[in-house]
Protein chains: 2
Amino acid sequence: MAVAEELHFRRAADRLGVAQPALSRAIQHLEQELQVRLFDRSNRAVRLTEAGAAFLRGSHGIMNVVDRAVEETRQVDRGQIGSLRIGYTDMAIGGVLPSLLKTFQARHRGIVLHPHHDVTSTQLHKLDQGELDIGCVTGPISRAGYDQVPIQSERLVCVVYENHPLARRGSIRLNELAQEDFIHGPTRDWEHFFSYLFPLCRRAGFVPHIVQEAYNSAGILGLVACGMGVTVLTESVRNILIRDLVILDLEDVTERLQTVALWKTESLSGSKSLFIDALRERSPDMDLP
Amino acid sequence: MAVAEELHFRRAADRLGVAQPALSRAIQHLEQELQVRLFDRSNRAVRLTEAGAAFLRGSHGIMNVVDRAVEETRQVDRGQIGSLRIGYTDMAIGGVLPSLLKTFQARHRGIVLHPHHDVTSTQLHKLDQGELDIGCVTGPISRAGYDQVPIQSERLVCVVYENHPLARRGSIRLNELAQEDFIHGPTRDWEHFFSYLFPLCRRAGFVPHIVQEAYNSAGILGLVACGMGVTVLTESVRNILIRDLVILDLEDVTERLQTVALWKTESLSGSKSLFIDALRERSPDMDLP
DNA sequence: TTTAATGATGCTCTCCAGGTATCAGATTAG
DNA sequence: CTAATCTGATACCTGGAGAGCATCATTAAA
């Protein structure tokens with residue numbers, strides 16, 4: 001490229017910081033390898049052949065592609081560009097996660113976020129399989145080879161329909177629900193949530209009488225609104241405004257449902273650690289039991 | 001790329017035909033130069049980092065661009081692709097040149113032809129300046145550093161309007177035009193053509209009485225059709241059918257107007273010599289005086 | 001505990017790229 | 001017409017990058 005631009009071996013060699021003979025031979029080797037004459041050179045003048053001009057264009061292209069590849073690699077390494085597959089539960093997406101994703105996205109335009117809605121157990125499986133980079137699950141989780149950061153901690157609340165006898169109370173105690181019909185999520189999928197809720201009910205002296213299982217939070221709330229029963233969910237449901245529903249605090253339940261971000265300790269890539277940094281920054285004081 | 005595909009240094013080294021330590025160090029050097037870790041390698045497993053995956057994609061791109069640059073360069077060298085700037089005169093474009101360009105184009109799809117309409121003197125100038133690759137001019141031309149091939153040789157004919165006294169004759173002698181009004185092209189530009197015609201008239205005993213100059217062949221024929229005068233052109237005007245015009249042979253003019261293709265002897269590129277080969281093939285027996 | 005597998009490291013040697021000096025051909029100066 | 005100058009090519013030599021061999025270090029499997 002230097003010779004093509006200077007059309008003068010000595011000047012090109014000066015520009016490249018090598019001696020002129022070295023450059024002459026370099027060009028000779030190149031021509032030999034390509035089996036194409038790139039320069040017409042008499043003792044007095046150097047000119048590009050047509051093929052040489054074509055190769056000059058090609059060389060510019062090569063330099064561009066190489067530079068871009070290197071630059072992109074470095075950016076990926078620094079996490080400036082990349083992609084993250086992030087799992088989330090109903091609680092996570094109903095709580096802090098949306099604003100968290102939004103601010104992260106605004107700060108790191110080059111990172112493409114791929115959110116996946118899955119319950120905790122599915123997310124754990126996908127993390128194992130490498131199908132997710134970060135899971136946002138009901139925790140805390142202690143799992144070999146995984147690290148976690150808490151992202152939210154919610155009280156439980158009771159949701160009833162507007163005409164329910166308890167609807168005007170504002171807050172109740174958990175044992176007041178002993179005789180109520182419960183609507184809840186699918187037992188198999190929501191095991192992590194139930195493993196929180198059921199011990200609390202047992203402590204309050206009853207086993208919840210589940211009359212209906214819905215497929216997800218929205219379904220549960222819909223069934224509650226129809227008057228088919230009540231439910232206990234996390235306080236993030238306050239963010240969802242639904243007519244005919246009333247949310248009641250549970251006075252005697254101080255336990256909080258943790259939602260944690262979870263990732264394989266190994267293979268901490270640039271974008272992943274940037275995301276985790278953002279999580280840590282957001283909840284510096286929140287600590288796990 | 002081999003390591004990234006095999007995820008195994010020894011196998012990759014085998015594939016590349018080098019020893020494993022050499023490959024290990026090559027990767028180390030690459031990582032050092034990029035300042036980016038491309039592989040996570042324990043003693044038991046090799047995996048691409050995210051940056052490594054990015055660089056693998058980049059490398060594929062680089063290989064493609066390099067291969068394409070080399071291939072394109074070779075094709076240009078062989079003349080399989082390229083571009084040719086070809087000048088032509090009214091006579092050339094009225095005669096064999098169109099079919100010549102057409103067959104050449106059909107045979108060499110990769111070569112882009114750029115025709116430029118110019119009179120002989122302009123073409124010569126542009127050839128000197130390197131603004132044309134091949135000129136098709138009124139010849140023969142003897143010019144240092146240039147080669148030529150004849151592409152057509154035409155008789156002169158007289159063109160008159162339909163009601164002209166000579167119109168029914170079919171053929172005439174040149175001196176019968178002694179008293180006629182002549183229409184002709186611009187004296188300055190058509191010097192090459194005039195340098196043929198005027199000596200013939202002088203030999204026939206008269207100096208043509210030019211009453212009107214048009215800008216080009218079409219203009220001349222238009223003025224002739226209007227009855228403003230007659231003209232002498234080459235027989236290629238037979239290819240242009242214009243109402244109200246009659247073409248007469250000139251019995252006593254055996255001289256022929258040569259049109260030749262002309263190019264700088266030096267810098268014979270692939271596509272240029274292919275074009276010249278095609279010209280030579282087309283007129284193998286036509287010889288210049 | 002031993003064995004096998006696998007990447008990293010140390011050492012040696014080769015050979016290619018680069019440097020210096022010079023040649024060969026062409027243009028310019030006087 | 002000769003000398004000077006310019007410019008790319010060639011001859012020869014040297015140093016260092018890179019290749020191979022032997023071996024180490026670590027880990028998983030037997």
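The chains referred to below are lettered A, B, ... by the order of the sequence lines, with proteins before strands, and numbering in each begins at 1. Keep in mind that what you see is a predicted model, and the values were worked out from it rather than measured.
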Whole-Å distance separating the CG atom of B/L16 from the C1' atom of D/dG20
15 Å

Please give, in whole Å, the distance from D/dG18 C1' to B/Q20 CD?
15 Å

List in chain and number order the residues that pass side chain to side chain donor-acceptor pair (under 3.5 Å) with B/Y146, two or more places apart in sequence or in another chain; answer none if no residue qualifies.
B/D128

Looking at residues at least two apart in the chain, or sitting in another chain, which of them share a ring pair (Phe, Tyr, Trp, His ring centres under 6.0 Å) with A/F9?
none

Taking any atom under 4.0 angstrom from a heavy atom of chain B, which nucleotides of DNA chain C are the first and last to qualify, 5' to 3'?
C/dA5 to C/dC11

Mind checking the NE2-OG1 spacing from B/H116 to B/T122? Nearest 0.5 Å is all I need.
12.5 Å

Strand-adjacent residues in residues 21-28 of chain B, judged by heavy atoms under 4.0 Å from DNA chain D
B/P21, B/A22, B/R25

So A/A19, base contact, sugar-phosphate only, or nothing? Heavy-atom distance under 4.0 Å.
base

Hydrogens and angles aside, do B/S24 and B/Q20 bring a side-chain donor and acceptor to less than 3.5 Å of each other?
yes

For DNA chain C, find the residues of residues 3-13 of chain B with a heavy-atom distance under 4.0 Å and give them by number; none if there aren't any.
B/H8, B/F9, B/R10

Letter by letter from the 5' end, nucleotides 24-30 of chain D scores (B base, S sugar-phosphate only, - none; protein heavy atoms under 4.0 Å) --BBS--

Determine whether the aromatic ring centres of residues A/Y88 and A/H117 are separated by less than 6.0 angstrom.
yes

So, A/F104 versus A/H108, ring centres under 6.0 angstrom or not?
yes

Give me the ring orientation class for A/F193 and A/W190: parallel if the planes are under 30° apart, tilted from 30 to 60°, perpendicular past 60°.
perpendicular

Check this for me, if you would: do [X] and [Y] make a salt bridge, where the nitrogen-to-carboxylate-oxygen distance has to be below 4.0 angstrom?
| X | Y | value |
| --- | --- | --- |
| B/E6 | B/R47 | no |
| B/E131 | B/R85 | no |
| B/R41 | B/E31 | yes |
| B/R37 | A/D77 | no |
| A/K272 | B/E50 | no |

Given salt bridge (Lys or Arg N to Asp or Glu O under 4.0 Å), test B/R107 with B/E281 step by step and report yes or no.
CA-CA 13 Å; B/R107 184 104 65 95; B/E281 206 174 293; 3.5 Å; yes

